[in-house]
Engineer: 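This structure is in structure tokens; I'll ask about it shortly.
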Amino acid sequence: MIFRIFAASFLSLVTVSFADDWSFTELRRYPAPEAIQGVAVDKNFFYAIDSRAIGKYRKDTGELVTRWEDEEDGRFRHLNAGVVHEERLYCAHSNYPKMPREASLEVWDTKTLKHVESINIVPNPAGTFTWADRRDGVWYGAFCFYSSRNEDPTQTRLVKFDGEWKVSESWAFPAGILERFAKRSCSGGSFDAQGRLFISGHDERELYLIDTPAANREFLWLASVPVGAPGQAFAWDLSQGAEGIVYGIERKTREVVVSKVAQKTP
């Protein structure tokens, strides 16, 4: 099993658990004009992500620290989810909605918010690249298809990358999760402090806890978890003392939403 995510009492779980098994408490909201595509978070700051701009904000006050924006005629088209790893902000990037598809992982120095690297993702990507996250030295992500574009959403895949950013394993999405995505697809994915992988759609105020049993098969949908933000990309706060704290965005109001998520005890 790739993700070490459950205690023994959960290993027999093969169907989705109810949202009533989980609780969430909205803690605060911060205005952020860039809160359109997603948000990333580290010990002291959060990063609101727009298609071609990123704002760095203090977690304690919501104060804007610095901002990056692509040049008017720059090459950036559609930034998606972001994650912070070792003082670097990684954002999935695509040329959505243009064809043929292009995909890259774009990297910023979190101290200065200076763009420092572009990592090209597999030539001719199989779907729109929406998110990437790292666990135990391995990167995972998603390539998505949208029925709103007359594409086949069943072709959407959760993938594992090798050291050369080629897909080494992939998993199909269960029909139930595809139904929750409606005409959209998987907008975000993030590992929590326990190493559990959660994914999000585009519109619903919920996350989906998943596990991956074997390559080239459907992964298991283990739980549906309510949150305060409607879909889009999100990020677990992995800093010390932040267990169960998740950052999301309210796209309509351009706010970053911070919530506390917990599993109810029997």
Side-chain angles (χ1 to χ4, degrees), residues 29-42 45-57 62 64 66-72 74-85 88-98 101-108 110 113 115 118-119 121 125 127-134 139-146 148-149 156 158 181-190 198-208 227-237 246-259:
R29 288 179 176 240
Y30 296 115
E34 305 85 6
I36 299 296
Q37 298 297 343
V39 62
V41 60
D42 60 20
F45 305 97
F46 65 85
Y47 306 83
I49 302 166
D50 197 353
S51 292
R52 304 178 71 240
I54 300 170
K56 176 182 177 181
Y57 295 83
L64 177 66
T66 189
R67 191 175 190 272
W68 170 90
E69 186 171 6
D70 192 22
E71 298 177 0
E72 186 174 346
R75 68 175 185 83
F76 287 84
R77 290 292 175 266
H78 198 86
L79 294 173
N80 287 293
V83 61
V84 176
H85 176 67
R88 292 289 187 266
L89 170 64
Y90 295 81
C91 289
H93 175 258
S94 72
N95 62 338
Y96 178 89
K98 294 185 177 181
R101 295 183 180 90
E102 296 176 1
S104 62
L105 195 62
E106 303 295 338
V107 189
W108 287 261
T110 56
L113 215 55
H115 183 260
S118 295
I119 302 170
I121 304 296
T128 299
F129 186 42
T130 57
W131 64 266
D133 199 5
R134 178 184 169 103
W139 284 93
Y140 300 84
F143 291 110
C144 299
F145 291 81
Y146 303 87
S148 60
R149 298 183 64 191
T156 294
L158 170 70
F181 290 162
K183 294 184 177 182
R184 304 286 187 171
S185 194
C186 182
S187 292
S190 180
F198 294 76
I199 60 174
S200 62
H202 191 276
D203 303 299
E204 297 294 334
R205 295 178 185 270
E206 55 193 13
L207 306 179
Y208 309 105
V227 288
Q232 295 295 103
F234 67 99
W236 291 102
D237 188 344
V246 61
Y247 280 64
I249 65 168
E250 185 88 50
R251 180 172 183 155
K252 290 183 179 179
T253 58
R254 300 199 178 194
E255 294 176 301
V256 169
V257 183
V258 187
S259 300

Engineer: Just checking, is any N or O donor in the side chain of S104 or H93 under 3.5 Å from an acceptor N or O on the other one?
Structural biologist: yes
Engineer: Only one of W108, W139, F129 passes ring pair (Phe, Tyr, Trp, His ring centres under 6.0 Å) with Y90; say which it is.
Structural biologist: W139
Engineer: Could you measure the distance from the CG atom of D133 to the CD1 atom of I199? Nearest 0.5 Å is fine.
Structural biologist: 13.0 Å
Engineer: Taking the side chain as everything from C-beta on, heavy atoms only, tell me whether Q37 gets closer than 4.5 Å to R251.
Structural biologist: yes
Engineer: Minimum heavy-atom separation for E69 and A53, please, with both atom names.
Structural biologist: CG-CB, 4.0 Å
Engineer: At their closest point, which heavy atom of T110 faces which heavy atom of L89, and how far apart are they?
Structural biologist: CG2-N, 3.6 Å
Engineer: Check the pair V246 / D237 against side-chain contact (heavy atoms from CB on, under 4.5 Å), numbers first and verdict last.
Structural biologist: CA-CA 6 Å; V246 61; D237 188 344; over 6 Å; no
Engineer: From L105 CG over to R134 CZ, what is the distance, rounded to the nearest 0.5 angstrom?
Structural biologist: 11.0 Å
Engineer: Would you say the ring centroid of W236 lies under 6.0 angstrom from that of Y247?
Structural biologist: no
Engineer: Kindly indicate whether the side chain of I249, heavy atoms from C-beta on, has any atom under 4.5 Å from the side chain of V257.
Structural biologist: no
Engineer: Check G127 against F143 and note the closest heavy-atom contact, atom names and distance.
Structural biologist: O-CD2, 3.6 Å
Engineer: Is R184 close to E204 at the side-chain level, that is, under 4.5 Å between some pair of heavy atoms?
Structural biologist: no
Engineer: For a quick check under 3.5 Å, do E102 and S94 share a side-chain donor-acceptor pair by atom type?
Structural biologist: no
Engineer: Counting distance only, does the side-chain N/O of T130 pair as donor-acceptor with the main-chain N or O of C186 below 3.5 Å?
Structural biologist: yes
Engineer: Do you know which two heavy atoms are closest between G189 and F234, and how far apart they sit?
Structural biologist: N-CE2, 3.9 Å
Engineer: Mind checking the OG-CZ spacing from S200 to R205? Nearest 0.5 Å is all I need.
Structural biologist: 13.0 Å
Engineer: Before giving the answer on side-chain contact (heavy atoms from CB on, under 4.5 Å), spell out for H85 and V83 the whole-Å C-alpha distance, their side-chain angles and the decisive distance to 0.1 Å.
Structural biologist: CA-CA 7 Å; H85 176 67; V83 61; 5.5 Å; no
Engineer: State the NZ-CZ distance between K183 and R149, to the nearest 0.5 angstrom.
Structural biologist: 14.5 Å
Engineer: Indicate the atoms forming the closest heavy-atom contact of Y57 with A48, along with that distance.
Structural biologist: CE1-CB, 4.1 Å
Engineer: Can you find a side-chain donor-acceptor pair between T156 and S185 that sits under 3.5 Å?
Structural biologist: yes
Engineer: Would you mind reporting whether Y47 and V39 have side-chain heavy atoms less than 4.5 Å apart?
Structural biologist: no
Engineer: When the ring centroid of W68 is compared with that of F76, is the distance short of 6.0 Å?
Structural biologist: yes
Engineer: Work out which heavy atom in L158 is nearest to a heavy atom in G141; give both atom names and the distance.
Structural biologist: CD1-O, 3.3 Å
Engineer: Do I49 and I36 come within less than 4.5 Å of each other through their side chains, counting heavy atoms only?
Structural biologist: no
Engineer: Please examine the side chains of Y146 and Y96, heavy atoms only from C-beta on, and report whether any two atoms are closer than 4.5 Å.
Structural biologist: yes
Engineer: With side chains defined as the heavy atoms from C-beta onward, is the minimum distance between T128 and R101 less than 4.5 Å?
Structural biologist: yes
Engineer: Taking the side chain as C-beta and beyond, is there a heavy-atom pair between L113 and F45 under 4.5 Å?
Structural biologist: no
Engineer: Salt bridge (Lys or Arg N to Asp or Glu O under 4.0 Å) for E71 and R52? Distances and angles first, verdict last.
Structural biologist: CA-CA 9 Å; E71 298 177 0; R52 304 178 71 240; over 6 Å; no
Engineer: Let me confirm one number: the NZ-CG distance from K56 to L64, rounded to the nearest 0.5 Å.
Structural biologist: 10.5 Å
Engineer: Between atom CZ of R77 and atom CG of D70, what is the distance when rounded to the nearest 0.5 Å?
Structural biologist: 7.5 Å
Engineer: Begin from the C-alpha positions of R67 and E34 and carry the test salt bridge (Lys or Arg N to Asp or Glu O under 4.0 Å) through to its verdict.
Structural biologist: CA-CA 9 Å; R67 191 175 190 272; E34 305 85 6; 2.7 Å; yes
